[in-house]
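Please read the structure below before turning to the comments.
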Amino acid sequence: PQWAFDAGVPVVYQSNDGPSPDITSPIFQQKYTAFINAFATAFNDPARVDFVDAATFGQWGENNIESQSLTAAQRQQRRYRNRRNWEKRS
C-alpha cells in the first residue's frame with residue numbers, strides 16, 4: 001500500500017507479483033501494530049461486533065509473503081532481480 005512506501009518501508013518484488021512492502025521492516029511493523037491497536041480500540045464493543053475476519057498481506061491476504069523467510073541480503077538481491085522482471089512485464 002502507498003502509505004507503507006510513503007513511510008519508508010522498503011519495496012519487495014515477489015516472484016510473480018508487483019511491489020509489496022517488506023513486512024520484516026521495523027517501520028512496517030510499527031505502523032501495522034499501531035493500526036491493529038487503533039482498530040481494536042475502535043471496535044472493542046461486543047454489542048456491535050461479533051467477530052473480525054482480517055486478511056492483511058500476501059497475494060490473497062493469507063499473511064504469507066516469501067520475503068519473511070529470507071535473510072536481509074537475500075531480500076535485497078530479490079528486490080533487484082524481481083523488480084527487473086516486473087518492469088519488463090509492465
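Hydrogens, waters and symmetry mates play no part in the numbers below; they use all other heavy atoms, side chains included.
The heavy-atom pair separating G8 from I27 by the smallest distance is O-CD1, 3.6 Å. Listed here is the closest heavy atom pair of K31 and A7: CE-CB, 3.9 Å.
Residues satisfying the side-chain contact (heavy atoms from CB on, under 4.5 Å) test with D50, not counting sequence neighbours, are none. D6 meets the side-chain hydrogen bond (donor to acceptor under 3.5 Å, both in side chains) test with Q2; sequence neighbours excluded.
A distance of 5.0 Å separates CH2 of W3 from CZ of F28, quoted to the nearest 0.5 Å.
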Please output the side-chain donor-acceptor pairs of residues 34-41 that fall under 3.5 Å, not counting sequence neighbours, one pair per line with the distance.
residue : atom : partner : partner atom : Å
N37     : ND2  : T33     : O            : 3.3
T41     : OG1  : N37     : O            : 3.0

